[in-house]
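Comments concern the structure below.
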Amino acid sequence: MAIKLFDSLTREVRPLRIPSAADPQDVFSFYNCGPTVYAPAHIGNFRTFVINDVLRRLLELELGAGKVRHVRNLTDVDDKTIKRSRDENRPLGDVTRQWTDKFHADCAALNCLPPHDEPRAADPKYLREQVNMIECLMEKGNAYRAADGSVYFKVSSFADYGRLSRVRERELQPGSALKALAADADEKEDGSDFALWKAWKPDDGPNKWPGPKGAAEGRPGWHIECSAMSKSLLGMTIDLHTGGVDLLFPHHENEIAQSECCNGTTFSRHWYHSEHLLVDGRKMSKSLGNLYTLDDLAAKGFSPMALRYALLSGHPRKQLNFTLDSLHAAESALQTLRGYRATLPDAGVTHDVFGPVLTALQDDLNTPAAFGALFTVVNRKDGQADRASFDRVLFALGLKLDAPVAPKTEIPAEVQLLADRRWSAKQAKDFASADALRKELAAAGWSMLDRKDGYSLEPAKK
RNA sequence: GGCGCGGUAGCCAAGUGGUAAGGCCGAGGUCUGCAAAACCUCUAUGCGUCGGUUCAAUUCCGACCCGCGCCUCCA
């Protein structure tokens, strides 16, 4: 069964290309715009990466692991990374390595499969590719050198510009957007042109590289990295390009312009954009102070797997309002799945009762419907399910059901004493005292869990 | 102002022209001395408002109200 996915360009749900099974060279090429590594990624970033991870997993299940090539880039040279390096007075490479490592650790915690390639924009190999592409655009008359040695893409040279975001149908809000347009208007021939290469400025410090022929030393613009790295690793036409909705314009619009002008062929057969995660009903932002990282949630006692579940609990193409409540719900739901899995026989069932879960995912990545289908089977408890088929859908969703690591909490001596006294009272069948002591423990913030042969203490749940 | 998305039970969230999946919370029960866990049962005559089309609308159409996003380097 083919995977169907909404295509942002044609605005319809349509099947993804199926590579030829007979041709081992024919693989499904999938490029996902990655993070800028200058700070920890926030949970909104991870919504996109988790959704893309489910897509990757689904493709592997559908086509076979060897038939999918997944690339996700790292933006490690841009205004923000350079600013960080300047502010902290350390080399750009140190800064980006630190945050790349953190990103990888967070992805691993969220059980995201590593992409097959993870190219970096500042990698000399890919800097060369970017410069090549800019030179190609200059030769073809799609780009020009500005007075300061920067190079800009000439938007008017590409007739198809704006097809993805339908930017031509929009009218700019006077005041806000127009101001931004004016920022570097001196250097551009036209306000809508965008930078391919940025000439070095003192603020850039030591971060500069030889530019395209005729241009000044400097660094690549943001958009060109994806065009160049995608071409280098996946070829001129790829099967699928994804990212968050905010990348639709201008980033992806500009990528199309660069790639199609340089290569003379279709850039991507399919475009997919996941919607934003909101917090408190608003987009996350530093200025609103509603930005969470994985570490913030860990500090509140939530597991990364609960976040993964919560991020998938809304339809990927709809805004999802994140709340701490949704994390509580996710922890409980995961616990239910854990208990259920323990009841399953290893194998030996003739038909796959979890088919509807995968069907929901294949239908435009409907993750909430997939969870619904999953729990419908779980609740049936008709003995028809086996562990192998359950694990298959868990793989698709990327859910790991390891027992959560209980945070080690020091038990205060007085709490331990109360617990010991209660245990003794219980053994002596002095239930009145035992109950009173349980209340004292609760007041101290502890729950005492009785077993036949002893007890354990846990911090009381809220 | 332009472009786009959304409003479904206490919270979250699928879905369909023919009478509302699922998760969480909550309630009752079984089991435990009690508690916890586990398991069982229950929980929207209703899908923003008002009209229209239809045998039938939450689902289609129109108007309106409310919320959110994007509009040149934010996933």
Side-chain angles (χ1 to χ4, degrees), chain A residues 11 32-36 41-52 75 78-80 155 165-178 180-181 183-184 191-195 198 221-223 242-251 253-254 273-278 281-286 309-310 313-315 317-323 325-337 339 343 356 360 366-379 381 426 429-432 434-435 438-439 441-442 447-452 455-456 458 460-461:
Chain A
R11 294 171 169 263
N32 171 20
C33 282
T36 302
H42 57 67
I43 59 175
N45 300 121
F46 284 118
R47 180 181 194 200
T48 297
F49 298 130
V50 165
I51 287 167
N52 276 272
T75 297
D78 78 323
D79 289 345
K80 285 178 301 218
V155 166
S165 59
R166 306 203 299 181
V167 73
R168 294 245 160 88
E169 284 96 316
R170 302 179 183 188
E171 284 179 22
L172 291 178
Q173 161 94 305
S176 61
L178 288 181
L181 278 179
D184 51 359
S192 58
D193 292 349
F194 56 90
K198 304 180 98 162
W222 175 40
H223 312 297
T242 67
V245 272
D246 50 330
L247 297 186
L248 228 142
F249 185 84
H251 185 52
E253 198 70 74
N254 293 351
H273 295 90
S274 45
E275 256 294 349
H276 278 301
L277 184 71
L278 308 181
R282 314 221 54 153
K283 182 176 164 178
M284 271 187 291
S285 74
K286 276 184 186 156
Y309 187 102
S313 68
H315 190 108
R317 290 195 297 107
K318 268 174 81 168
Q319 292 170 347
L320 176 67
N321 190 23
F322 174 83
T323 61
D325 267 353
S326 69
L327 244 30
H328 279 117
E331 294 281 17
S332 298
L334 287 170
Q335 190 53 41
T336 299
L337 293 177
T343 68
N366 194 336
T367 51
F371 281 140
L374 178 62
F375 278 93
T376 299
V377 178
V378 166
N379 291 333
K381 293 188 176 62
K426 182 184 166 176
K429 302 217 184 289
D430 177 5
F431 296 126
D435 288 351
R438 179 183 284 290
K439 273 185 187 151
L441 282 162
S447 304
M448 186 163 167
L449 307 180
D450 292 0
R451 291 188 314 271
K452 277 203 175 90
Y455 66 87
S456 58
E458 282 183 4
K461 285 177 187 156

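All of these numbers come straight from a predicted model, not from anything done at the bench. Lettering of chains follows the sequences in order, A, B, ..., and the numbering in each one begins at 1.
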Can you list everything that forms a side-chain contact (heavy atoms from CB on, under 4.5 Å) with [X]? Sequence neighbours excluded, please.
{"X": "A/D79", "answer": "A/K198, A/R219"}
{"X": "A/S326", "answer": "A/A310, A/F322, A/T323"}
{"X": "A/Y455", "answer": "A/Q416, A/A419, A/D420, A/W423, A/M448, A/D450, A/L457"}
{"X": "A/R317", "answer": "A/F6, A/V13, A/Y272, A/H315, A/D364"}

Atom [atom1], compared across [N] and [M]: separation rounded to whole Å:
{"N": "B/A13", "M": "B/G6", "atom1": "C1'", "value": "13 Å"}
{"N": "B/A36", "M": "B/G23", "atom1": "C1'", "value": "22 Å"}
{"N": "B/A44", "M": "B/G4", "atom1": "P", "value": "38 Å"}
{"N": "B/G22", "M": "B/U54", "atom1": "P", "value": "35 Å"}
{"N": "B/C31", "M": "B/A57", "atom1": "C1'", "value": "47 Å"}
{"N": "B/C24", "M": "B/U43", "atom1": "C1'", "value": "13 Å"}

For a quick test of reading the model: is some side-chain N or O of [X] closer than 4.0 Å to OP1 or OP2 of [N]?
{"X": "A/K318", "N": "B/C68", "result": "no"}
{"X": "A/R317", "N": "B/C5", "result": "no"}
{"X": "A/K439", "N": "B/C34", "result": "no"}

TODO: Please report the shortest heavy-atom distance between A/R11 and A/R166, naming the atom on each side.
DONE: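 Where A/R11 meets A/R166 most closely, the heavy atoms are NH2-NE, 3.5 Å.
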
Once hydrogens and angles are ignored, does a donor-acceptor distance under 3.5 Å link the base of [N] to the side chain of [X]?
{"X": "A/R438", "N": "B/A35", "value": "yes"}
{"X": "A/D246", "N": "B/G69", "value": "no"}
{"X": "A/N321", "N": "B/C68", "value": "no"}
{"X": "A/K283", "N": "B/C74", "value": "yes"}

TODO: Check ring pair (Phe, Tyr, Trp, His ring centres under 6.0 Å) between A/F375 and all other residues, then give those that pass, not counting sequence neighbours.
DONE: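 Applying ring pair (Phe, Tyr, Trp, His ring centres under 6.0 Å) to A/F375 gives none.
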
Looking across every strand, which nucleic acid part, if any, lies under 4.0 Å from [X] by heavy atom: base, sugar-phosphate, or nothing?
{"X": "A/K426", "answer": "base"}
{"X": "A/N32", "answer": "nothing"}
{"X": "A/G339", "answer": "nothing"}
{"X": "A/K381", "answer": "sugar-phosphate"}
{"X": "A/H315", "answer": "sugar-phosphate"}
{"X": "A/H251", "answer": "nothing"}

- [ ] Could you encode protein contacts along nucleotides 19-26 of chain B as a string, one character per nucleotide from 5' to 3', using B for base contact, S for sugar-phosphate-only contact and - for no contact, with a heavy-atom cut-off of under 4.0 Å?
- [x] --BSSSS-

Task: Stems formed with participation of RNA chain B [Watson-Crick or G-U wobble, under 3.5 Å, three or more pairs] - done: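 Stems found: B:1-7 with B:65-71, B:10-12 with B:22-24, B:26-30 with B:38-42, B:48-52 with B:60-64.
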
Task: Residue pairs fulfilling side chain to side chain donor-acceptor pair (under 3.5 Å) with at least one residue in residues 242-251 of chain A, sequence neighbours excluded - done: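 Matches after skipping sequence neighbours: A/N32-A/T242, A/N52-A/T242, A/H223-A/H251, A/H251-A/E255.
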
Task: salt bridge (charged side-chain N to carboxylate O under 4.0 Å, His left out) partners for A/R451, two or more places apart - done: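 Here the qualifying residues are A/D453.
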
TODO: Could you walk me through whether A/M284 and A/H276 pass side-chain contact (heavy atoms from CB on, under 4.5 Å), step by step?
DONE: CA-CA 9 Å; A/M284 271 187 291; A/H276 278 301; over 6 Å; no

Task: Toward the 5' end of RNA chain B, by each residue's nearest nucleotide, A/G314 or A/N45 - done: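 This one resolves to A/G314.
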
- [ ] For residues A/W222 and A/F194, determine if any side-chain heavy atom of one lies less than 4.5 Å from a side-chain heavy atom of the other.
- [x]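 Result no, sub-4.5 Å side-chain heavy-atom pair not found.
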
